[in-house]
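In listed order, ligands and their atoms are each counted from 1. Here, residue 1 is the first one in the sequence, and each next residue gets the next number.
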Amino acid sequence: MNKPRETFGSRTGMLLAMAGSAIGLGNIWRFPYMMGKNGGAAFILIYIIMLVVLCLPVMVSEYLIGRRGGSNPFSSFDRLAPGSKWRWIGFLAVLASACILSFYCVVGGWSVKYLADSCILAFSDSQGDYALSFGTFISNPWKPLLYTLIFLGLTGAIIVFGVRKGIERMSKVMITMLFVIIVMVVIRSLTLPGAMEGVKYMFVPDFSKVTAGTVVSAMGQAFFSLSIGCGCILTYASYVKKEENILASSAWISFFDTLFAIIAGLAIIPAVYAIAYMNGLEPDVSAGPGLVFITLPGVFSQMPLGSAAAILFFLALLLAAVTSAISLMEVVVAFIIEEMHRSRKKAVLLCFAVCGVVGVFCSLSFGPLSDFKLFSLSVFDFFDYITSNIMLPVGGMLLAVFAGWRLKRANYLDELTNGGKVRIPRWLALTIYYLVKLVAPVGISLIFLNCLFS
Ligand code: PFF
């Protein structure tokens, strides 16, 4: 006889696991530099509008499909629309998760390496300029591969213990630690002389930098950051008990994800400003993806208590990356367990092997394989591009179309309100329903088209 499907043990555990999926490299590594490029607070404002109008309704729908379907993405769609082609949206989601995990584990590996380096530097009391060695490190033919596999192995080691003992327990510990640590780094950053200029930059909007591209970036970032469109929320929701309030949980997760992104900005941007002024330079927070791995180590090496701040910061980065990576791996693992009838252990090994091989190629694209191109992109950029710009938006759009047009309105509202047991004002429930049915497909198509042609 089949074992009954696992569920999360508590509401807090479920919320922290979902928040763990959402809070990740996207918040610490991507959000601050996107803000730096797109007018600071102006970007935050547009991001929040996109989040509320477009992403929250899609997230509610993904949650609802997962809980009602009660299975991995492929089977959940199949149960809600038996025998139809819609289940292939679920398959696309599983594929997208595997692809994201394959490049995500490379950056996760970098955070392992930077944490290790920060510890070595702190304990050997040296101010060695490891900031300069980032390019050398990522182009090394074997070192980054090792870190990528360590990171992926760590993720697999958590998942193998299952939903309650692995995902839920570790997310609770890691997300709590993450908040405490990042607040400590923020305090260090804000107490540096000159830091307030950075705060001003973050909260005084500069609309002159806002373009159509800003709106598109804000939408894409909100998608990636909330982990929607690739089955993570759906899979976690399939482990959620029927009495949870879907709308409240989704709003809570979105709120904490955004709060965390802003806090991460406060940990990084004021410190960059303070150290630049100290050196008589113009602060540059639009340095792109190098902000965290190139600019920040330089900043840490020059500030008092910098080695402790560096250890804490890279530990936070690693914790955030791991809790997101487990949600990505769980999508694939749940699919292998339920559709290919393998044990959890074998499913984890299979996922480790496949994503590990692709991850190695992604990592090598910064070194020995730098000349190898897929559609004129390096392997890493190819996976980043097709997932963030194509698979997630298309997945999200199809999901919204499914929820809005294939599910019956009565069933949608029934699941949203737990059969009328959760008191959600009718106007609010209907607004969400119509945002999903009409606004989300159009809005997401716009991101998709824009990214495709830009
Ligand atoms: N939300 C994660 C982050 O912000 O880093 C990344 C991510 C995880 C994207 C899971 C998509 C996903 F399904």
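Evaluation of the side chain to side chain donor-acceptor pair (under 3.5 Å) rule for D384 yields S388 as partners, not counting sequence neighbours. For K242, the salt bridge (Lys or Arg N to Asp or Glu O under 4.0 Å) criterion is met by E415, not counting sequence neighbours.
Counting only residues at least two apart or in different chains, salt bridge (charged side-chain N to carboxylate O under 4.0 Å, His left out) contacts with residues 318-342 comprise R5-E338, E330-R344.
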Mind listing the N or O contacts between ligand 1 and protein, cut-off under 3.5 Å?
unit_1: ligand 1; atom_1: 1 (N); unit_2: S21; atom_2: O; d: 3.2
unit_1: ligand 1; atom_1: 1 (N); unit_2: A22; atom_2: O; d: 3.0
unit_1: ligand 1; atom_1: 1 (N); unit_2: F224; atom_2: O; d: 2.8
unit_1: ligand 1; atom_1: 1 (N); unit_2: S225; atom_2: O; d: 3.1
unit_1: ligand 1; atom_1: 1 (N); unit_2: S227; atom_2: OG; d: 3.0
unit_1: ligand 1; atom_1: 4 (O); unit_2: A22; atom_2: O; d: 3.1
unit_1: ligand 1; atom_1: 4 (O); unit_2: G26; atom_2: N; d: 3.4
unit_1: ligand 1; atom_1: 4 (O); unit_2: N27; atom_2: OD1; d: 3.4
unit_1: ligand 1; atom_1: 5 (O); unit_2: L25; atom_2: N; d: 3.0
unit_1: ligand 1; atom_1: 5 (O); unit_2: G26; atom_2: N; d: 2.7
unit_1: ligand 1; atom_1: 5 (O); unit_2: Y104; atom_2: OH; d: 2.5

Just do the ring pair (Phe, Tyr, Trp, His ring centres under 6.0 Å) check on F314 and Y114 with the steps written out, would you?
-> CA-CA 6 Å; F314 287 111; Y114 271 68; 5.3 Å; yes

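R68 and S76 form no side-chain donor-acceptor contact under 3.5 Å, judged by distance and modelled atom types alone.
Separation of atoms CH2 (W29) and OH (Y104) is listed at 9.0 Å; rounding is to 0.5 Å.
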